[in-house]
Amino acid sequence: MGHSGSGLRKTRELLALCDCNNFFVSCERLFRPDLEGRPVVVLSSNDGIVIARSNEVKALGVKMGEPFFRVRPLLEQHCTAVFSSNFQLYEEVSSRVMAVLGRFTPSMEVYSIDEAFLELPPSGMDDPFCWGAALRGTVLRETGIPLSVGIAPTKTLAKLGAERAKKDRVKEGVRTLLPGENLDDFLSAFPVDDVWGIGRRWGDALKKRGITTVLRLRDAKDDWVEKRMGVRGLRTVWELRGIRCIPIEEAEKPQKSIQSSRTFAVPLREFSPLAEAVTEFALTAGRRLRAQKSRASRLTVHIGTSRFRDPWYGRTAEIPLGMPTESDIRLIRSAVEGLAMIYREGYDYVRGEVTLLELSSAETFQLSLFDPFDDRSTALSRVADRLNREAGRQLLRPALLLGEKEWRPRRDSHSGVRLEDLSNLPVLSS
DNA sequence: TCTGGGGTCCTAGGACCC
DNA sequence: TCTGGGGTCCTAGGACCC
């Protein structure tokens with residue numbers, strides 16, 4: 001294809017990927033400046049696995065997704081600070097970071113809780129590196145969160161740039177890959193599965209065929225790639241060549257599915273605690289459904305035993321909801337009905353899940369000739385949302401869910417920090 | 001003893017229709 | 001004996017992401 005040794009295709013457009021470093025750890029450190037330079041981890045729900053690591057913990061060889069119980073001795077040996085996850089805090093910090101980023105660009109896509117793609121403004125084109133460094137400095141100063149920034153013509157290249165910037169920890173955390181630059185050395189230093197869009201499976205398959213580095217993937221033949229990896233693989237390859245195939249999507253679209261699931265703190269055998277849990281999942285999903293002004297036409301319920309124990313049992317029930325609904329009462333009734341269809345006695349269930357599908361707009365939806373219109377229970381659900389939001393906690397909820405529940409996930413090391421609570425602020429001197 | 005929780009998109013194959 | 005050729009819609013499963 002003649003790409004070997006070639007630079008990037010000329011383009012006048014550049015974009016930046018901004019990635020918050022060790023984001024959840026950085027959030028916890030905002031309120032614990034004493035933990036700067038010390039090993040810190042943040043755990044998933046139920047304190048099950050490690051989902052964020054400070055650089056010190058990465059240096060110990062602890063992997064993302066590692067079960068906590070397995071690395072606990074090592075972490076304790078190094079006096080690691082351990083936090084249960086506090087997503088309320090992370091979401092709030094995230095929106096502040098995004099607000100600062102928004103001041104630097106005419107167009108941006110919030111890609112995840114800790115990442116955003118920004119279109120470079122004309123003012124940044126003369127000296128992209130300088131623009132990136134200023135952006136990074138402002139975010140750090142105003143929010144306390146350190147970023148890595150990659151600047152390139154395409155998203156896929158910008159991702160690689162940010163990754164390099166993060167690992168090298170040089171040059172102000174900014175790495176540019178500009179049109180005309182020869183990237184052969186840069187790309188050959190990355191294993192192929194470091195590329196955004198290449199996961200474990202495809203990574204292994206590519207390596208087996210001798211495509212071990214990103215450089216080799218960039219120079220692979222189009223028809224070969226498309227045959228094995230489909231159009232998504234082909235897009236990735238073109239993006240590595242500097243051709244933009246994945247645009248910045250500024251408008252935030254409503255989600256197409258909403259899922260609420262948890263691993264239980266203890267295995268559940270009986271029907272009634274499972275029904276409680278499923279009720280809670282339906283309620284959580286319903287709240288998020290109404291928050292994005294949607295209705296759902298289909299609901300699925302899933303329960304399962306541990307994947308790490310034999311024999312495994314898991315089933316999913318599907319309940320059509322008829323007319324699109326946003327009523328908690330209907331969601332809960334359907335979820336429990338589904339649970340009854342799949343529940344079997346004699347198993348230790350460790351996980352449950354409720355998913356809402358076929359979402360449509362709450363404002364305009366298809367009425368049904370046969371199903372009753374549920375505007376009264378919809379109104380009730382909306383009132384509950386408002387009361388609970390204003391109270392800042394679950395003021396109004398089904399009696400079934402009152403009191404302590406054995407299945408509620410553990411979070412033994414929760415910092416309890418809330419941004420609205422001034423008493424959480426660290427004291428500078430006393 | 002102890003192993004997360006959320007999403008998206010693409011593709012292949014079957015059902016169905018003309 | 002010889003058994004069309006498309007098109008569309010739907011779904012399950014696979015792959016990926018953070």
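A, B, ... follow the sequence lines: proteins, then strands. Residue 1 opens every chain. Note that the coordinates shown come from a computational prediction; the quantities given were computed from them, not determined experimentally.
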Please state how far atom [atom1] in [X] lies from atom [atom2] in [N], giving the value in whole angstrom units.
{"X": "A:Asn46", "N": "B:dT1", "atom1": "CG", "atom2": "P", "result": "17 Å"}
{"X": "A:Glu252", "N": "B:dG7", "atom1": "CD", "atom2": "P", "result": "14 Å"}
{"X": "A:Glu406", "N": "B:dT1", "atom1": "CD", "atom2": "P", "result": "21 Å"}
{"X": "A:His302", "N": "B:dG4", "atom1": "NE2", "atom2": "P", "result": "12 Å"}
{"X": "A:Lys63", "N": "B:dG4", "atom1": "NZ", "atom2": "C1'", "result": "19 Å"}
{"X": "A:Asp412", "N": "B:dT1", "atom1": "CG", "atom2": "P", "result": "18 Å"}
{"X": "A:Asp19", "N": "C:dC18", "atom1": "CG", "atom2": "C1'", "result": "10 Å"}
{"X": "A:Asp193", "N": "C:dC16", "atom1": "CG", "atom2": "P", "result": "10 Å"}

State, yes or no, whether a side-chain contact exists between [X] and [Y] at a heavy-atom distance under 4.5 Å.
{"X": "A:Val25", "Y": "A:Val42", "answer": "yes"}
{"X": "A:Tyr111", "Y": "A:Lys155", "answer": "no"}
{"X": "A:Glu28", "Y": "A:Leu35", "answer": "no"}
{"X": "A:Arg29", "Y": "A:Ser54", "answer": "yes"}

I'd like to know if the side chain of [X] pairs up with that of [Y] as donor and acceptor (distance under 3.5 Å, no hydrogens or angles considered).
{"X": "A:Ser148", "Y": "A:Asn21", "result": "yes"}
{"X": "A:Ser84", "Y": "A:His414", "result": "no"}
{"X": "A:Glu270", "Y": "A:Tyr343", "result": "no"}
{"X": "A:Ser257", "Y": "A:Gln259", "result": "no"}

For nucleotides 11-15 of chain B, tabulate all protein N/O to nucleotide N/O atom pairs closer than 3.5 Å, reporting atom names and distance.
| unit_1 | atom_1 | unit_2 | atom_2 | d |
| --- | --- | --- | --- | --- |
| B:dT11 | OP1 | A:Val231 | N | 3.4 |

For this session: Name all residues meeting the salt bridge (charged side-chain N to carboxylate O under 4.0 Å, His left out) criterion together with A:Glu92; count only those two or more places apart in sequence or in a different chain, and write none if there are none.
Result: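 Here the qualifying residues are A:Arg96.
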
For this session: Check salt bridge (charged side-chain N to carboxylate O under 4.0 Å, His left out) between A:Arg201 and all other residues, then give those that pass, not counting sequence neighbours.
Result: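 Checked A:Arg201 against salt bridge (charged side-chain N to carboxylate O under 4.0 Å, His left out); zero matches.
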
Listed by chain and number, what are the side-chain contact (heavy atoms from CB on, under 4.5 Å) partners of [X], not counting sequence neighbours?
{"X": "A:Ser334", "value": "A:Leu299, A:Ile319, A:Leu321"}
{"X": "A:Trp224", "value": "A:Leu206, A:Arg209, A:Ile211, A:Lys221, A:Arg228"}
{"X": "A:Arg344", "value": "A:Tyr313, A:Tyr347, A:Tyr349"}

What nucleic acid atoms does [X] come within less than 4.0 Å of, heavy atoms only: base, sugar-phosphate, or nothing?
{"X": "A:Arg410", "result": "nothing"}
{"X": "A:Val42", "result": "nothing"}
{"X": "A:Lys159", "result": "sugar-phosphate"}
{"X": "A:Arg298", "result": "nothing"}
{"X": "A:Arg70", "result": "base"}
{"X": "A:Ser257", "result": "sugar-phosphate"}
{"X": "A:Gln255", "result": "sugar-phosphate"}
{"X": "A:Ile198", "result": "sugar-phosphate"}

Exercise. A:Lys253 or A:Pro409: which one's nearest nucleotide on DNA chain B is closer to the 5' end?
Worked result: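 First, find each residue's nearest nucleotide; the 5'-ward one identifies A:Pro409.
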
For this session: Would you kindly compare A:Arg235 and A:Ile51 by the position of their nearest DNA chain B nucleotide and give the one closer to the 5′ end?
Result: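 The 5'-side residue here is A:Ile51.
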
Problem set entry | Closest listed nucleotide, where the reference is the side chain of A:Ser45 and the choices are B:dG5, B:dG6, C:dC17 |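 For A:Ser45, the side-chain atoms sit closest to B:dG5.
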
For this session: Measure the CG-CD1 distance between A:Asp114 and A:Ile145 for me, rounded to the nearest 0.5 Å.
Result: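 If I round to the nearest 0.5 Å, the distance is 10.0 Å.
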
Exercise. Rounding to the closest angstrom, what is the interatomic distance between C:dG4 and B:dC16 at atom C1'?
Worked result: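 Nearest-Å result for C:dG4 against B:dC16 at atom C1': 16 Å.
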
For this session: Determine the interatomic distance between P on C:dC17 and the same-named atom on B:dT3; round to the nearest Å.
Result: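 It comes out at 25 Å once rounded to the nearest Å.
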
Exercise. What residues form a ring pair (Phe, Tyr, Trp, His ring centres under 6.0 Å) with A:Phe31, not counting sequence neighbours?
Worked result: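 Expected list: none.
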
Problem set entry | Exercise: identify the closest heavy-atom pair between A:Arg136 and A:Gly173 |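 Closest approach of A:Arg136 to A:Gly173, heavy atoms only: NE-CA, 3.8 Å.
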
Exercise. Hey, what's the ring geometry for A:Phe281 with A:Phe264, parallel, tilted or perpendicular (30° and 60° as the breaks)?
Worked result: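 Answer is parallel, since the angle falls under 30°.
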
Exercise. Which parts of residues 258-279 of chain A get close to DNA chain B, meaning a heavy atom less than 4.0 angstrom away?
Worked result: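 Of all residues in residues 258-279 of chain A, the ones placing a heavy atom under 4.0 Å from DNA chain B are A:Ile258, A:Gln259, A:Ser260, A:Ser261, A:Arg262, A:Thr263.
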
For this session: Go through residues 305-316 of chain A and report each residue with a non-hydrogen atom lying under 4.0 Å from DNA chain B, sorted by number.
Result: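 DNA chain B contact set from residues 305-316 of chain A: A:Phe308, A:Arg309.
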
For this session: Strictly below 4.0 Å, heavy-atom distances to any atom of DNA chain C: list the hits from residues 107-120 of chain A, or just say none.
Result: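 DNA chain C contact set from residues 107-120 of chain A: A:Tyr111, A:Ser112, A:Asp114, A:Glu115.
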
For this session: Can you run down the salt bridge (charged side-chain N to carboxylate O under 4.0 Å, His left out) pairs that involve residues 252-266 of chain A, sequence neighbours left out, and say none if there aren't any?
Result: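 Listed once each, the pairs are A:Glu249-A:Lys253.
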
For this session: Just need the stems in DNA chain B: three or more back-to-back Watson-Crick or G-U pairs, each with both distances under 3.5 angstrom, sorted by first number.
Result: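 Stem segments, range with range: B:5-18 with C:5-18.
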
Exercise. Between A:Arg288 and B:dG6, is there a side-chain N or O to OP1/OP2 distance below 4.0 Å?
Worked result: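 Yes, A:Arg288 has a side-chain N/O under 4.0 Å of OP1/OP2 on B:dG6.
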
